[in-house]
There are 2 protein chains.
Amino acid sequence: MRMSATEEYGLRCLLVLARQGTEGQMSVADIAEAEGISVPYASKLLAIMRQAGLVTAVRGRKGGFRIRREPSEIDLLEVITKLGGPLLDPDHCAKRTGQLEQCIHTDNCSVHDILGSLAGKIAGFLAGTTLNDLIEKERLMVLPRIDRRPSDASQTQG
Amino acid sequence: MRMSATEEYGLRCLLVLARQGTEGQMSVADIAEAEGISVPYASKLLAIMRQAGLVTAVRGRKGGFRIRREPSEIDLLEVITKLGGPLLDPDHCAKRTGQLEQCIHTDNCSVHDILGSLAGKIAGFLAGTTLNDLIEKERLMVLPRIDRRPSDASQTQG
DNA sequence: CAAATACCTTACAAAAATGTAAAGTATTAT
DNA sequence: ATAATACTTTACATTTTTGTAAGGTATTTG
């Protein structure tokens, strides 16, 4: 019950673009550097998000990626599910059957039921948080450090 | 962002024992059959839960497993984390660093922050649901089918 | 005490997720 | 046009997770 690597790094790369706004643009190389991951890996994650319609790619010499919609219009549920698939595997019963042909609990199963409730809660939380919320939060976390204005340094020195 | 196979099957096996109560007992073979998984696999999952203190094992010819505490006293957070580890990987920053020595966001990172909030929400939900809740829910799902009491059949027949 | 039963442990095989590499295609600048 | 840049795609190596196999240990029954 954790966030996968694809989901987390994908989200991080998308946040880099989100900080540039819909008009901004960045190359994969720069995005990769910003997040400390390899260029091919960032490239792969961005390709997924491009196919999912989250980002746009511009090819050629002055190419790069940009975010497709306003960061305030993109919630985490969309990002996470597009990167890692649905929270609740749709053909769960077909896969996790042990040695049987089909899940023995298909119709009457409290675990499926509770899994559904849990997925709903998680989805609700993720849907209620946008990329912009993350960026805002980020700003609030950095600001306290640059509280004293540099121009005032001479006054407060003594 | 899904429940792992270990978590789900482990939970299912534990539920089988929970239905027997703290006095009941079942062999791995019977548990495995009840959930439609292989005996060695069920054995492995039960071993994890034994070491985690969720179940007790009785060895020897009349051996088997039993649940260690009342199902109403065991919540899903405990089960899930003991089977699959913490919701938020503790040395996350040490692992997911891309090519760097350490995560570049260690101190200032809105993603970590939001991940923490999410993990908290999930934990809250899981902590609020016990094994007994699942069993109760299960009963309510089956009951409607046996609504008419068999002993009343002669009275309502005409 | 010996045989049968059932848990225990370690090692290993298979599958899925993660991350890397390389060759290809499109665009820009010279 | 040609070279340089940057996205695109496919294939592959690595790691982790999942599931199986086998031999060992403990307890009961005759």
Side-chain angles (χ1 to χ4, degrees), chain A residues 1-13 17 25-33 35-52 54-68 80 83-85 89 91-92 94-100, chain B residues 1-13 17 25-33 35-52 54-68 80 83-85 89 91-92 94-100:
Chain A
M1 198 83 233
R2 295 205 198 95
M3 187 168 280
S4 74
T6 303
E7 287 164 352
E8 175 169 345
Y9 283 131
L11 171 60
R12 285 182 188 282
C13 289
L17 290 176
Q25 183 176 309
M26 272 181 93
S27 69
V28 175
D30 288 344
I31 296 169
E33 193 188 0
E35 285 305 318
I37 63 179
S38 73
V39 174
Y41 190 24
S43 194
K44 187 177 191 170
L45 297 170
L46 286 160
I48 295 171
M49 294 195 283
R50 183 185 59 78
Q51 285 168 5
L54 287 170
V55 300
T56 312
V58 177
R59 296 180 71 157
R61 189 158 176 174
K62 290 196 112 179
F65 284 90
R66 64 180 60 165
I67 198 162
R68 217 156 189 282
I80 296 300
L83 281 164
D89 194 341
D91 42 62
H92 177 96
K95 283 183 186 169
R96 297 192 177 167
T97 61
Q99 300 178 316
L100 303 175
Chain B
M1 197 84 233
R2 294 206 198 94
M3 186 169 281
S4 74
T6 302
E7 287 164 350
E8 176 169 344
Y9 282 130
L11 171 60
R12 285 182 189 282
C13 289
L17 290 176
Q25 181 176 310
M26 272 181 93
S27 70
V28 174
D30 289 344
I31 297 169
E33 192 187 1
E35 285 304 320
I37 63 179
S38 73
V39 174
Y41 190 24
S43 193
K44 187 177 192 169
L45 297 171
L46 286 160
I48 295 172
M49 293 194 283
R50 184 184 60 76
Q51 286 169 4
L54 286 169
V55 300
T56 312
V58 177
R59 297 178 72 156
R61 189 157 177 179
K62 289 196 111 180
F65 283 90
R66 63 181 61 164
I67 197 161
R68 217 156 189 283
I80 297 300
L83 281 164
D89 195 341
D91 41 62
H92 178 94
K95 285 183 185 169
R96 296 192 177 167
T97 60
Q99 300 178 315
L100 303 176

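Just so it is clear: chains get the letters A, B, ... in the order the sequence lines come, proteins before strands, and each one is counted from 1. Because the structure is predicted, anything quoted here is derived from the model rather than measured.
Evaluation of the side chain to side chain contact (heavy atoms under 4.5 Å, CB included) rule for A47(B) yields no partner, not counting sequence neighbours. In this structure, R59(A) has no side chain to side chain donor-acceptor pair (under 3.5 Å) partners at least two apart in sequence or on a different chain. A search for side chain to side chain contact (heavy atoms under 4.5 Å, CB included) contacts involving S43(A) returns V28(A), not counting sequence neighbours. Listed by chain and residue number, M1(A), M3(B), S4(B), I80(B), L83(B) satisfy the side chain to side chain contact (heavy atoms under 4.5 Å, CB included) test with E7(B) (two or more places apart in sequence, or in another chain). Listed by chain and residue number, Q25(A), T56(A) satisfy the side chain to side chain contact (heavy atoms under 4.5 Å, CB included) test with R66(A) (two or more places apart in sequence, or in another chain).
Atom CD of E8(B) is separated from atom C1' of dT17(D) by 15 Å (rounded to the nearest Å). At whole-Å resolution of the value, CE in M26(B) and P in dA6(C) are 12 Å apart. With rounding to whole Å, F65(B) atom CZ is found 9 Å from dA6(C) atom C1'. The interatomic distance linking E7(B) (CD) with dT17(D) (C1') rounds to 12 Å, in whole Å. With rounding to whole Å, R2(B) atom CZ is found 14 Å from dT17(D) atom C1'. Atom CD1 of I31(A) is separated from atom P of dT5(D) by 18 Å (rounded to the nearest Å). dC7(C) atom P lies 11 Å from atom CZ of R50(B), rounded to whole Å.
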Which nucleotides of nucleotides 21-30 of chain D have their base under 4.0 Å from a protein heavy atom (B), which only their sugar-phosphate (S), and which neither (-), written as one string 5' to 3'? ---BBBBBS-

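Using a 4.0 Å heavy-atom criterion, one finds that Q51(A) contacts the sugar-phosphate atoms exclusively.
Remark: S38(B) is in phosphate contact with dT20(D), judged by side-chain N or O atoms under 4.0 Å from OP1 or OP2. OP1 or OP2 of dA6(C) has not a single side-chain nitrogen or oxygen of S27(B) nearer than 4.0 Å.
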C13(B) vs I37(B), test: side-chain contact (heavy atoms from CB on, under 4.5 Å). Steps then yes/no. CA-CA 10 Å; C13(B) 289; I37(B) 63 179; 3.9 Å; yes

Show your reasoning for whether side-chain contact (heavy atoms from CB on, under 4.5 Å) applies to T6(B) and L45(B). CA-CA 7 Å; T6(B) 302; L45(B) 297 171; 3.8 Å; yes

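Within residues 41-48 of chain B, the residues approaching DNA chain D are Y41(B), K44(B), by heavy-atom distance under 4.0 Å.
Of all non-hydrogen atoms in M26(B) and D30(B), the two that sit nearest each other are CE-CB, 3.5 Å.
R68(A) has its side chain out of reach of L54(A): every pair of non-hydrogen atoms, C-beta onward, lies at least 4.5 Å apart.
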